[in-house]
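What follows is a set of notes on a single structure, which appears directly below.
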2 protein chains.
Amino acid sequence: MGTVTKALSLLGLFSHARLEMGLSELTRLSGMNKATVYRMMSELQAAGFVEQLDGDRAYRLGSELLRLAALREAAVPLLSVSREVLRHLCEVTGETSHMSLQRDGRLTTLTHAYSSRHGTRVAMEDAEILSFHATGSGLAYLAFAAPGFAEEVLSGPLTRHTPETETNPDRLRAALDEARRTGIAESVGGFEADVHSHAAPIFGPDQTPIGALAVAAPVSRMTPELKALIRAEIKSSALALTQRIGGFCPASYPA
Amino acid sequence: MGTVTKALSLLGLFSHARLEMGLSELTRLSGMNKATVYRMMSELQAAGFVEQLDGDRAYRLGSELLRLAALREAAVPLLSVSREVLRHLCEVTGETSHMSLQRDGRLTTLTHAYSSRHGTRVAMEDAEILSFHATGSGLAYLAFAAPGFAEEVLSGPLTRHTPETETNPDRLRAALDEARRTGIAESVGGFEADVHSHAAPIFGPDQTPIGALAVAAPVSRMTPELKALIRAEIKSSALALTQRIGGFCPASYPA
DNA sequence: ACCACAGGTTCATATAATGAACCGACAACG
DNA sequence: CGTTGTCGGTTCATTATATGAACCTGTGGT
């Protein structure tokens with residue numbers, strides 16, 4: 001493994017649970033030598049990818065990432081377009097909506113929007129890792145990903161996030177078939193209790209899914225009418241998003 | 001220079017003018033060996049920091065940057081708080097507002113907001129490099145930065161961006177004194193013709209400036225009344241932003 | 001047919017990464 | 001009040017890794 005890859009893997013250790021970490025923690029989690037980690041963190045710091053807190057000596061992600069992300073947005077306006085689409089989805093459904101992207105076998109939420117219609121709402125965090133088998137977004141992605149990928153996930157260990165999490169591979173396969181037929185996947189309380197999520201895949205230029213668009217509502221509010229509304233809106237929104245970022249739906253995606 | 005630093009410096013070659021680049025261009029700009037650049041770009045690609053276009057083989061910044069930026073936002077909600085502040089600034093002034101951050105001797109815009117009040121407005125791009133001596137933001141930063149830094153900038157070459165750009169060090173020093181007195185810096189047409197910008201510094205936890213908040217209006221709309229409004233609003237907004245990100249104004253900053 | 005330039009690859013060489021041991025500072029503890 | 005453990009950071013001989021000149025291969029222009 002190259003030095004650069006190792007250094008960048010250090011950035012991957014940060015998460016919501018670990019927004020800042022000391023040298024020892026980074027060393028432990030990475031399994032690398034302390035001196036190595038120290039030198040790499042120093043280089044990352046010089047480049048602005050991490051910064052060190054004055055009082056504590058803990059590291060956290062740096063502001064250069066914001067600059068590069070803004071530049072990436074200038075090249076591919078995924079976030080800004082998504083935010084428009086999410087805002088619309090929220091307004092018409094009255095529920096929380098979010099967008100997630102697949103990278104390196106993980107599905108991560110990137111941005112979200114809330115509706116102010118109800119006092120209660122499903123809360124979201126950006127940069128959270130979604131489960132493939134237990135979320136609407138994950139199922140929507142799997143349903144249209146390369147067949148091997150879905151099977152790989154289904155044959156692996158399927159975490160039971162809540163008592164309601166579906167972990168039976170056959171029933172999950174049936175859910176994927178259903179999603180392929182309708183273009184929309186559902187998950188009820190599989191990832192977080194009392195959350196009913198609908199999702200549709202977003203496609204890239206090569207007609208493969210790159211992520212998903214989802215609407216998450218409390219199960220208590222899910223009526224047949226709301227369901228129908230969400231399904232209609234999420235489908236047109238996902239389609240619009242795919243098109244606006246230069247992607248194409250595959251022929252197999254139901255119109 | 002370490003390998004990691006070299007690899008990360010490749011990311012710094014991307015800009016609005018160069019949103020995507022081929023291997024040769026990266027090699028030329030970086031001054032490194034082609035094989036070296038190739039291997040580094042491959043590692044960066046594997047980590048999701050850059051991606052390669054199918055048809056063309058050009059590289060562009062990758063989506064992992066969005067994920068890490070979202071995580072950075074979770075640690076320090078600079079962008080999200082800024083966007084709220086900018087939105088308010090736009091609404092009360094009716095003009096374009098933006099926020100910029102200093103990193104490695106460069107001031108870079110990170111986010112902006114437009115007002116819909118007027119048909120014409122000052123247009124902005126995120127991740128654009130601002131001139132220290134020719135923008136309100138730059139002057140606001142310099143006025144409260146370490147004294148040595150301002151002198152270093154003033155003694156260096158001062159680019160003439162427009163015919164109106166002030167390049168006389170003594171008159172710039174006077175402008176900085178004025179900014180120190182009032183807490184607000186101004187630049188009229190110094191960076192882009194017909195743009196009048198007001199700016200106030202944003203401070204970090206150590207009472208040193210980390211960036212600036214600015215309002216940019218067409219010179220033709222700049223009346224004494226608008227000026228007074230902008231000055232009042234930008235000052236309270238910058239103060240609010242500083243406080244909400246855990247920063248502190250130095251004692252020298254006029255209240 | 002030719003040239004120039006593109007992206008990508010090879011392999012001997014040289015340079016930069018590595019890791020065990022070490023340092024000083026700090027906090028907890030009997 | 002010394003002992004112990006952990007922290008961030010540093011050193012330097014050893015070794016693994018990065019490097020770069022040269023070489024493919026494909027493409028577009030003339």
Side-chain angles (χ1 to χ4, degrees), chain A residues 1-15 17-64 72 75-76 204-206, chain B residues 1-15 17-64 72 75-76 104 204-206 246:
Chain A
M1 185 165 54
T3 314
V4 177
T5 302
K6 280 185 229 165
L8 295 181
S9 77
L10 288 174
L11 297 178
L13 298 178
F14 289 88
S15 66
R18 301 178 205 278
L19 286 175
E20 40 191 76
M21 282 183 279
L23 183 59
S24 301
E25 193 166 3
L26 287 162
T27 303
R28 246 179 282 114
L29 289 174
S30 65
M32 298 191 285
N33 184 279
K34 184 173 58 155
T36 302
V37 173
Y38 177 70
R39 257 175 302 98
M40 284 175 171
M41 290 307 283
S42 300
E43 290 203 65
L44 289 172
Q45 184 174 23
F49 280 62
V50 300
E51 60 187 24
Q52 217 170 354
L53 288 68
D54 307 308
D56 200 348
R57 283 149 163 183
Y59 297 91
R60 66 176 173 211
L61 294 174
S63 62
E64 181 70 4
R72 151 80 188 190
V76 188
D206 58 354
Chain B
M1 186 165 54
T3 315
V4 176
T5 302
K6 280 186 230 166
L8 295 182
S9 77
L10 288 174
L11 297 178
L13 297 177
F14 289 87
S15 67
R18 302 178 204 279
L19 286 175
E20 41 191 74
M21 284 183 279
L23 182 59
S24 302
E25 193 167 4
L26 287 161
T27 303
R28 247 180 280 113
L29 289 173
S30 66
M32 299 191 285
N33 184 279
K34 185 174 56 157
T36 303
V37 173
Y38 176 70
R39 257 175 300 99
M40 285 175 171
M41 290 307 283
S42 300
E43 291 203 63
L44 289 172
Q45 184 173 23
F49 280 62
V50 300
E51 60 188 24
Q52 217 170 353
L53 288 69
D54 307 307
D56 198 349
R57 284 149 163 183
Y59 297 92
R60 66 176 172 210
L61 294 173
S63 62
E64 182 68 6
R72 152 80 189 189
V76 187
D104 205 26
D206 58 354

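In what follows, chains carry the letters A, B, and so on, assigned in the order in which the sequence lines appear, proteins first and then strands, with residues in each chain numbered from 1.
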Consider the side chain of A/T3, meaning its heavy atoms from C-beta on, and name the nucleotide among D/dT17, D/dG9, C/dG8 that approaches it most closely. D/dT17
Could you give the CE-to-C1' distance, from B/M21 to C/dA6, as a whole number of Å? 16 Å
Hey, is the side chain of A/Y38 poking within less than 4.0 Å of OP1 or OP2 on D/dG8, counting only N and O atoms? no
At what distance, to the nearest 0.5 angstrom, does OG1 of A/T5 lie from CZ of B/F49? 10.5 Å
Closest to the B/A35 side chain, choosing from C/dA17, D/dG9, D/dG20: D/dG20
Rounded interatomic separation in angstrom, taking CE from B/M41 and P from C/dT9: 15 Å
Side-chain N,O (A/S24) to OP1/OP2 (D/dC7) below 4.0 Å: yes
Between atom CD of B/Q45 and atom CD of B/Q52, what is the distance when rounded to the nearest 0.5 Å? 4.5 Å
Using atom NZ of B/K6 as one end and atom P of C/dT15 as the other, report the distance to the nearest whole Å. 11 Å
So if I take every side-chain heavy atom of A/R57 and compare against D/dG9, D/dT19, C/dA17, which nucleotide ends up nearest? D/dG9
Distance check: side-chain N/O of A/R28 vs OP1/OP2 of D/dC7, anything under 4.0 Å? yes
If you measure from CE on A/M40 to OG1 on A/T3, what distance do you get to the nearest 0.5 Å? 5.5 Å
Atom pair distance, as rounded to whole Å: CG in A/N33 and C1' in D/dA16: 14 Å
Describe the nucleic acid contact of B/M40 in one word from base, sugar-phosphate, nothing, applying a heavy-atom distance below 4.0 Å. sugar-phosphate
Can you tell me how far P of C/dT9 sits from CG of B/L23, to the nearest Å? 10 Å
For B/E25 and for B/R39, locate the closest nucleotide of DNA chain C by heavy-atom distance; then report the residue assigned to the nucleotide nearer the 5' terminus. B/E25
Residue among A/E64, A/E51, A/E20 satisfying salt bridge (charged side-chain N to carboxylate O under 4.0 Å, His left out) with B/R72: A/E51
Taken to the nearest whole Å, CE/B/M32 to C1'/C/dT15 is 15 Å
CE of A/M1 versus P of C/dA16: gap in Å, rounded? 21 Å
Comparing A/Y59 and A/V4 on DNA chain D - which has the more 5′ nearest nucleotide: A/Y59
Per the atom types in the model, does the base of C/dG19 pair as donor or acceptor with the side chain of A/K34 at under 3.5 Å? no
Ignoring backbone atoms, establish whether B/Q45 has a side-chain N or O less than 4.0 Å from OP1 or OP2 of C/dG8. no
For A/L8 and C/dA17, what is the distance between atoms CG and P respectively, to the nearest whole Å? 14 Å
From B/M21 CE over to B/F14 CZ, what is the distance, rounded to the nearest 0.5 angstrom? 4.0 Å
